[in-house]
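Presented below is the structure to which this report refers.
On a predicted model such as this, the values are computed, not experimentally measured, just so you know.
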Amino acid sequence: MTSSAKNVSVLNNKNKSILKYFILMFCVINIIFIIIVLVLYNIELSDVENNLMFKDRAVIELEKQSIQRKLSGIFSDLSFLVGLYRERFCCNHKHQSNEYLIFCRTKAIYDQVRFIDKNGMETNRVNYNNGNPYIVAEQKLQSKSQRYYFKDTIRLEFGQMFVSPLDLNIEKGKVELPLKPMIRVGTPVTDPDGNKSGIVILNYLAADIITSITEIAELSNGEAMLVNSDGYWLYCSEKGNEWGFMFSDRKKRKFSMQFTDEWAQISIKNATQFRNSRGIFTSTTVSPFADKIISSNGSAITGGASSKSFGSQSYYWKLISFIPDKVIKAQMSRFSLFNLLWLTAVFIVIAGVILWLLAQSVVNKKLYLFGLRHMANFDELTAIPNRKLFLDRLTQAMKLSVRNRLMLAVLFIDLDGFKQINDLLGHDAGDVVLRETAKRISSTLRKSDTVARFGGDEFTVILQNVETLENAQITAQKILKSLQKPYLLNGREKSVGASIGIALFLDKNDSEDILLKKADEAMYLAKQSGKNIIKTHDDIIFNG
């Protein structure tokens, strides 16, 4: 199976698991909900206001989760680019630009992807250009040594990140039109020797966050808002009230001034919901920055420095949903069985979204744990059992052999000429040989048998329920024949071959180590006898 086919198979299995958990939870939750709703409807009309508040809390939480996932993705993308630089791009700026171009086109959420050296000079920059990304020519790269985001980022330690506040993009000292909400995320990078080389910086198109809020808010009866820690609107239905801190004529257009009493409650609580004469207010706090992330107030002036820096607890956003009183009363006046069914449908949609995310979380956790177990028991290169799992299976096979009075054989296989392949053609060619060897050996065995990579170019095999020594030798011959076929390496055929030692488990007092030692000794006798040969431990005794 090819790598892409394996990826598709894994993805399909993952999606099926998510769907299974989702359907189970979705059915259970919604059946319970529908029963409760029908019972309550026969007793008394539901409380519309409570339903509205419940729905708004769910929507606000979804909006928060969506923002957190997007921010987490940005930080992961930045870490990924830092890793690429350290591994592949230190001395190849052209390759780096090409990778940045692919990254920018694929992600479609970054206005610019840049590398700025430690002196503040751009060495690579890709502009998204409204969906038509391109690599900026070398002669058009600029010095950013005086920009606040470079100064604030280059002074950080490796592993720390700088994130600018969410504001509007500034070009030549003026707010760019049309408005372009932006978050700049940067981090220092070091070369393989640990020396600071410069910074990687991403200009994130924050309209991505606002679009997400807008889409999720459609599930609610409320007006969605995003407000910064100073009480200014970053997003609201009245576009003329947004970004008041960026425009001199909008300084007083703040949520905190228009809703003074409400802001007094919202600003001091991490999450809150209340009803007053104006309507229902639901809010939660989003902290965009993790512990290792530093931010500052930035500077709109080219060459200007940030006047202050702050950490994860000092800068936050407030997600707010506001349902005006007139909307609440209109909902109450139209309340009927139809409305009840409609609200039920809304709940099902919201529950479906939440449960889908929960199902993803459960499956991802299971896959993560499975991955850990797989890494602990299987060889990463060949995907067959490693030494640890082989020894576990050998122990069980020996116990089964004693209990059922069956014979067991262990084969110790060492490739011939593998070192020359590595020395002449490189380790990549050696990896190809090891993977192909694992496949060839596996193809000759029964499902009850086990092949493992014991270490380096050594492989071991457990043959269960072996009737005679000749049976084990026949299997060994099949393995040897398959390994003697040429390997296609770098367009050329190369022969490898192998030496195989066989040891039978005849004495129940033999331990796993003794049995393996016997097979290993037989393998060395095979090598000494001319390679591409099969020897048994009885041959050692006979020759001895």
Side chains of I502 and Q473: closer than 4.5 Å at any heavy-atom pair? yes

Nearest 0.5 Å, please: how far is CG in N195 from CZ in F158? 12.5 Å

F115 ring center within less than 6.0 Å of Y100 ring center: no

Less than 4.5 Å apart, any side-chain heavy atom of K518 and any of D510? yes

V185 and side chain to side chain contact (heavy atoms under 4.5 Å, CB included): which single residue from T153, D77, V163 fits? V163

Taking T190 for the side chain and K196 for the main chain, is one N or O donor matched with an acceptor at less than 3.5 Å? no

Counting C-beta onward and ignoring hydrogens, is there a side-chain heavy-atom pair between V82 and T187 closer than 4.5 Å? yes

Provide the closest heavy-atom pair for V410 versus A519 in the form atom of the first, atom of the second, distance. O-CB, 3.8 Å

Polar contact flag, side-chain donor to acceptor under 3.5 angstrom, E512-T395: yes

Assess the side chains of N471 and T468: does a donor N or O sit below 3.5 Å from an acceptor N or O? yes

Minimal non-hydrogen separation, M407 against L504, with atom names: SD-CD1, 4.0 Å

Is a side-chain N or O of D117 found less than 3.5 angstrom from the main chain of M121, in a donor-acceptor match? yes

Would you check if I421 and K494 make a side-chain contact, meaning some heavy-atom pair closer than 4.5 Å? yes

Side chains of S499 and Y524 only: does a donor on one sit below 3.5 Å from an acceptor on the other? no

Test side-chain contact (heavy atoms from CB on, under 4.5 Å) on M398 and L408; report intermediate values, then the result. CA-CA 7 Å; M398 292 170 69; L408 169 73; 3.6 Å; yes

Taking D379 first and then R387, would you say they form a salt bridge - that is, a charged N and a carboxylate O separated by under 4.0 Å? no

Tell me whether R69 contacts the main-chain N or O of S72 through its side chain, where contact means a donor paired with an acceptor under 3.5 Å. no

Does a sphere of radius 6.0 Å around CZ in R405 hold more than 12 heavy atoms from other residues, nucleotides or ligands, not counting ones at 6.0 Å or beyond? no

Point-to-point distance, once rounded to the nearest 0.5 Å, from CD1 of I441 to CD1 of I479: 5.5 Å

Between the main-chain N or O of V433 and the side-chain N or O of T437, is there a donor-acceptor pair closer than 3.5 Å? yes

Taking the side chain as everything from C-beta on, heavy atoms only, tell me whether V432 gets closer than 4.5 Å to D428. no

Is the backbone of S448 close enough, under 3.5 Å, to the side chain of Q464 for a donor and an acceptor to pair up by distance? yes

Rounded at 0.5 Å granularity, tell me how far NZ in K527 sits from CG in N532. 8.5 Å

Can you establish whether the number of heavy atoms outside E138 located under 6.0 Å from its atom CD is more than 12? no

Using every non-hydrogen atom in the two residues, find where I216 and V59 come nearest and quote the distance to one decimal. O-CG1, 3.7 Å

Could you walk me through whether L463 and L411 satisfy the side-chain contact (heavy atoms from CB on, under 4.5 Å) test, starting with their C-alpha distance in whole Å, then the side-chain angles of each, then the deciding distance to 0.1 Å, before giving a yes or no? CA-CA 8 Å; L463 299 179; L411 277 57; 3.5 Å; yes

For S97 and N124, which I'm curious about, is there any donor-acceptor pair between the side chains at under 3.5 Å? yes

Is it true that D520 and K517 make a salt bridge, defined as a side-chain N closer than 4.0 Å to a carboxylate O? no

Nearest 0.5 Å please: distance from the NZ atom of K535 over to the CD atom of E521. 14.5 Å

Kindly indicate whether the side chain of L78, heavy atoms from C-beta on, has any atom under 4.5 Å from the side chain of M161. yes

Do you know the tightest heavy-atom contact between Y204 and I209? OH-CG1, 3.4 Å

Between OG on residue S287 and CD1 on residue I67, distance to nearest 0.5 Å: 11.0 Å

Between E436 and R440, does any NZ, NE, NH1 or NH2 come within less than 4.0 Å of an OD or OE carboxylate oxygen? yes

Kindly check if the number of other-residue, nucleotide or ligand heavy atoms within 6.0 Å of NZ (K478) is above 12? no

Looking only at side chains, do K144 and Q142 share a donor and an acceptor under 3.5 Å apart? yes

For the backbone of L319 and the side chain of K64, can you confirm whether one donor and one acceptor N or O come within less than 3.5 Å of each other? no

Could you please spell out the steps behind the side-chain contact (heavy atoms from CB on, under 4.5 Å) verdict for L434 and L415? CA-CA 9 Å; L434 293 175; L415 298 182; 4.1 Å; yes

For H95, is there any backbone N or O sitting under 3.5 Å from a side-chain donor or acceptor partner on N98? no

Do side-chain atoms of T285 reach the backbone of N270 as a donor and acceptor pair under 3.5 angstrom? yes

Within a reach of under 6.0 Å around CD of E467, are more than 12 heavy atoms found that belong to other residues, nucleotides or ligands? no

Rounded to the nearest 0.5 angstrom, the OG-CD1 distance for S442 and I384 is 6.0 Å

Verify the ring-centre separation between Y128 and Y134: is it less than 6.0 angstrom? no

Closest contact, heavy atoms only, I350 versus A58: CG2-CB, 3.5 Å

Side chains of S482 and T444: is there a donor and an acceptor less than 3.5 Å apart? no

Does a side-chain heavy-atom distance below 4.5 Å link L515 with L394? yes

For the backbone of F412 and the side chain of T460, can you confirm whether one donor and one acceptor N or O come within less than 3.5 Å of each other? no

E122 bridged to R125 by N-O distance under 4.0 Å: yes

For a quick test of reading the model, state the closest non-hydrogen atom pair linking I533 to S529 and the distance between them. CD1-O, 3.1 Å

Measure the shortest side-chain to side-chain distance between F378 and P385 over non-hydrogen atoms and say whether it is less than 4.5 angstrom. yes

As a quick check of understanding, evaluate side-chain contact (heavy atoms from CB on, under 4.5 Å) for N386 and F454, giving each step before the final call. CA-CA 6 Å; N386 59 16; F454 208 68; over 6 Å; no

